[in-house]
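Computed from a predicted model, the values in this text were never measured in an experiment.
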Amino acid sequence: MLKDITLGQYFPADSVLHRMDPRYKIIATLLMIVMLFAGNSPWTLAVGGLFVLLAQLLSGIPFRMSWKSLRPILPVLFFTAILNLIFIDGGETLWQWGILKVTEGGIETSIFMFVRIVLLLCGTSLLTYTTSPILLTDAIESLLSPLKRVGFPVHEMAMMMSIALRFIPTLLEETDKILSAQKARGACVDSGKMADRVKALIPVLVPLFVSAFRRAEELATAMECRCYRGGEGRTRLRQLKAAPRDHIALAICLLFLGASLMLNLLKL
Amino acid sequence: MAILTTEGLTYTYSAGTPFEKTAVDHVTLEIGQDQMIGVIGHTGSGKSTLMQHFNGLLQPTEGKVLLSGKDIWADKKMLREVRFRVGLVFQYPEYQLFEETVFQDIAFGPKNMGLSEEEIRRRVLWAADALGLERGLLGRSPFALSGGQKRRAAIAGVMAMQPEILILDEPCAGLDPCGRRLMLQQIGNYQRQSRSTVLLVSHSMEDVAEYTQKLLVMNKGRLFCYGDTSEVFRRAEALREIGLRIPQITSLMLALRQRGYDLPEDIYTVAQAKDALLRLLRREEQTC
Ligand SMILES: Nc1ncnc2c1ncn2[C@@H]1O[C@H](COP(=O)(O)OP(=O)(O)OP(=O)(O)O)[C@@H](O)[C@H]1O
Ligand SMILES: [Mg+2]
């Protein structure tokens, strides 16, 4: 039951996008976000859409995976689309009922926003689908490393992130196990009044925290035994190295961004 | 008479995904009253998965589980009742302790049953005694106990519900040899006194040979065989084929037999072996 929650939703495969340097992937994702938000005409959005579609095809991620990450957010999307439809004024009024009216501008904006958010979600989820959490944190550490100069603990942050990601599945599994053990003793967690339910969580949360703290302590000891002393002078097993293809990919992204900005300027 | 029966019980983990795994495959069996049943099988053979069906923690993908002839999934409201009648102690149950004192933790199950204050007290003390937990420990925090004491407290928590069937998933894992023996003796005594049924999942052939009357053998999700312990161990070859073995003492006796000593084939415990060897020695003395 708890396993259905996907957090580090890495989808292992062998594609151009999977092999791309994760730092470049993060930059490309940022460029894509700019591209989608800077655009204010259907044409610029079309360019953004083309970009996302291209990336999707190159990634080898089946469309149903993207659909899976999109589905939970759809109700919210539809809700905002309807709000936009009703409350945005502009152009000819097509339909009116009291203070509620649907205008041409409203239709345009709501469709526009809807498509933009869908593209944004599909595009950003490609990043997590094609990059393992460990590589992702490595890349973030590398990208943020200039901040070290001003005393920001970049390495420590990245280490915390990767440890957290590593332990999410373990803790979920543990929660499942404790839940079953307490249910076997007659605890009812999924029925009753709200107050009862909160009270019923104690038998699950206490052991969970106890074991999380125990694990944390064990991990800290194990790391210390291996002389972990923070980021200083630390070398890496996996070195991030940009290949020519990463530069080409980045150039293509910039091209797309340029195209969409041009379209914006030309007010097409 | 059978209390618990399963009919074509099948369970598939993550059905409909690439990670699909049928852990229990069409298992049909009957569990009777007042007996100690050992559950053995190679690691990953589906023992724990099967056990979690007996008290309705897992819902069968296919097939039925009947308690006193009634399908436990027929009425979901009945499930809680089922869990009081069939007690399940998971592997490494120490992690389930959560209360402020050991006493309160053992009382958690009985309290959920809605028993009176007095009855709860009686049961907690009874369960603690059955497992040899000293009274002095009951007022302490469960987190301040030793590993073995924690294990006993956790098992007592289920025993105190006085279920008709008590399932113990590897209760001795990680205990020292003395603690192991003591724990098994206490479980055996509990079974005889309460006249309930105890299912003991174990990887130790010596333990099941000594303490159980019947054996349930799982192999790759299927029920390999189910019968009297001595009958099952007679099939040494078949057991070896599915990655199990017979008790060490039995192997020793069979080896002696091959060397021409006149020993019986069906010796499964050290006590039996001792008797048989003494008899053999006496006979040889007489013939000299
Ligand atoms: N939560 C789960 N999700 C997916 N597969 C599982 C899960 N739990 C168990 N399995 C699989 O089901 C099969 C049976 O597992 P089970 O835990 O019942 O074995 P077992 O006989 O208890 O083994 P052991 O002696 O090691 O405890 C195994 O192949 C295991 O990989
Ligand atoms: Mg198991």
Going by heavy atoms in the side chains, are B:F98 and A:L208 under 4.5 Å from each other?
no
Qualifying ring pair (Phe, Tyr, Trp, His ring centres under 6.0 Å) pairs, either residue in residues 203-227 of chain A, two or more places apart:
none
Can you tell which part of B:L97 gets under 4.5 Å to a heavy atom of chain A, answering side chain, backbone, both or neither?
backbone
With a cut-off of 6.0 Å (strictly less than), are more than 12 heavy atoms of other residues, nucleotides or ligands near CE of A:M159?
yes
Answer yes or no: does atom CE of B:M113 have more than 12 heavy-atom neighbours from other residues, nucleotides or ligands under 6.0 Å?
yes
Please rank A:A187, A:P203, A:A181 by heavy-atom pairs under 4.5 Å with chain B and give me the top one.
A:P203
How long is the span from the CD1 atom in A:I202 to the CZ atom in B:F108, to the nearest 0.5 Å?
9.5 Å
In short, B:F84 meets A:G186 closest at the heavy-atom pair CE2-CA, 3.6 Å
Which is it for A:V206 and B:F143 under the side chain to side chain contact (heavy atoms under 4.5 Å, CB included) test, yes or no, and what are the steps along the way?
CA-CA 11 Å; A:V206 173; B:F143 301 108; 4.1 Å; yes
Which donor-acceptor pairs fall under 3.5 Å between chain A and chain B:
| from | atom 1 | to | atom 2 | distance (Å) |
| --- | --- | --- | --- | --- |
| A:Q182 | NE2 | B:Q96 | O | 2.9 |
| A:R185 | O | B:N112 | ND2 | 3.0 |
| A:R185 | NH1 | B:D105 | O | 2.9 |
| A:R185 | NH1 | B:D105 | OD1 | 3.1 |
| A:R185 | NH2 | B:Q96 | O | 3.3 |
| A:R185 | NH2 | B:D105 | OD1 | 3.2 |
| A:G186 | O | B:R80 | NE | 2.9 |
| A:G186 | O | B:R80 | NH2 | 3.0 |

